[in-house]
Amino acid sequence: MLIATFNVNSIRQRIEHLTRWLKSREPDVVCLQELKCLDEAFPREEIEALGYQVETFGQKTFNGVAILSRHGIAIEHRGLPGFLDEQARYIEGVVSLPQGHALGAVLRIAGVYFPNGNPVDSAKFEYKRGFMAALTRHAESLLALEEPLIIAGDYNVIPTPDDARFPENWRGDALFQPESRADFRKLCALGFTDAIRATSDNPRLYSFWDYQAGAWQRDNGIRIDHLLLSPLVADRLLETGIDREMRAEEKPSDHVPVWCRLKG
DNA sequence: ATGTCGCGACCATCGCGA
């Protein structure tokens, strides 16, 4: 069972990259962020042709999230419960697993696209913190269900200095503010495992490189796309990966896919 | 600090968000 998250930075610009990657990586469930289009403009047929159920929560121009699943998925939320929001940043559903699966009958998956939050002295940062507070509250209620649960997506948070090539460059940025990092730690402290950090102590594990100033060529990256695993999922974690070679393709997204493989 | 994208308004560049 392979679960992935990928911020595509416009699904219409990235559909060819995505389908190529789906064919080679063969993930079971994928959370997508930054669709940047309405549901009716989402190129669903190309993805359905590869055997995926496609569930979208789109928005014109900005944001937008989706879940792709090779197993049946029932969407329970479009929009984060308890957080009034005009922006499409949250989608949650329950995947029905094949009979006799090691995880049990279901896997709950939430796809998130956190607000960027810059500049820090603006309402945008307060909005980011409010989103995190609401997600933490909601995650607490989900953990009480004691189901296997993954919250996957673009958190727009650099958790530690090891998650940036040049951490000093991010001082004062909303992605690396003490408050943003503390909020992320508080969410994790509910009992989630950061899948990448649980399986590797390699430095330079990044998921995003800015388009500007030759960031990719200099490996000036940050790790902001995360897979948070509930205890029942963490118990079955086998390996993780970051498909950084996607960033070297023609017309790439500024993010690359991050994935984890589970037993069963 | 900024050497870049993608979108949508509007028709050719520009402002916004990242």
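A, B, ... follow the sequence lines: proteins, then strands. Residue 1 opens every chain.
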Rounded to whole Å, how long is the line connecting atom [atom1] of [X] with atom [atom2] of [N]?
| X | N | atom1 | atom2 | answer |
| --- | --- | --- | --- | --- |
| A:Leu175 | B:dG17 | CG | P | 16 Å |
| A:Asn220 | B:dA1 | CG | C1' | 12 Å |
| A:Gln87 | B:dA18 | CD | C1' | 12 Å |
| A:Asn156 | B:dG17 | CG | P | 15 Å |
| A:Asn118 | B:dA1 | CG | P | 11 Å |

Residue pairs meeting side-chain hydrogen bond (donor to acceptor under 3.5 Å, both in side chains), one or both in residues 182-192 of chain A, sequence neighbours left out, come to A:Arg129-A:Asp183
Quick one: does any side-chain atom of A:Ser200 pair with a main-chain N or O of A:Arg197 as donor and acceptor, under 3.5 Å? no
State whether [X] and [Y] are salt-bridged, where the test is any N-O pair (Lys NZ or Arg NE/NH1/NH2 against Asp/Glu carboxylate O) under 4.0 Å.
| X | Y | answer |
| --- | --- | --- |
| A:Glu76 | A:Arg108 | yes |
| A:Glu16 | A:Lys251 | no |
| A:Asp194 | A:Arg223 | yes |
| A:Arg204 | A:Asp163 | no |
| A:Lys128 | A:Glu179 | no |

For nucleotides 2-8 of chain B, 5' to 3', base contacts (B), sugar-phosphate-only contacts (S) and non-contacts (-) with protein non-hydrogen atoms under 4.0 Å give BBBSSSS
Taking B:dG3 as the reference, what is the distance to B:dC7 when you measure between their P atoms (whole Å, please)? 23 Å
Given the C1' atoms of B:dG17 and B:dT2, what is the spacing between them in whole Å? 16 Å
Ranking A:Asn169 and A:Asp154 by the position along DNA chain B of their nearest nucleotide, the one closer to 5' is A:Asn169
Does the ring center of A:Phe184 lie less than 6.0 Å from the ring center of A:His226? yes
Here's one to test your reading of the geometry: is the NZ or CZ of A:Arg165 within 45 degrees of the ring axis of A:Tyr206 and under 6.0 Å from its centre? no
Please convert DNA chain B into dot-bracket. A pair counts if it is Watson-Crick or G-U wobble with both distances under 3.5 Å; crossing pairs go in [ ] and bases paired with another strand get |. ...((((((...))))))
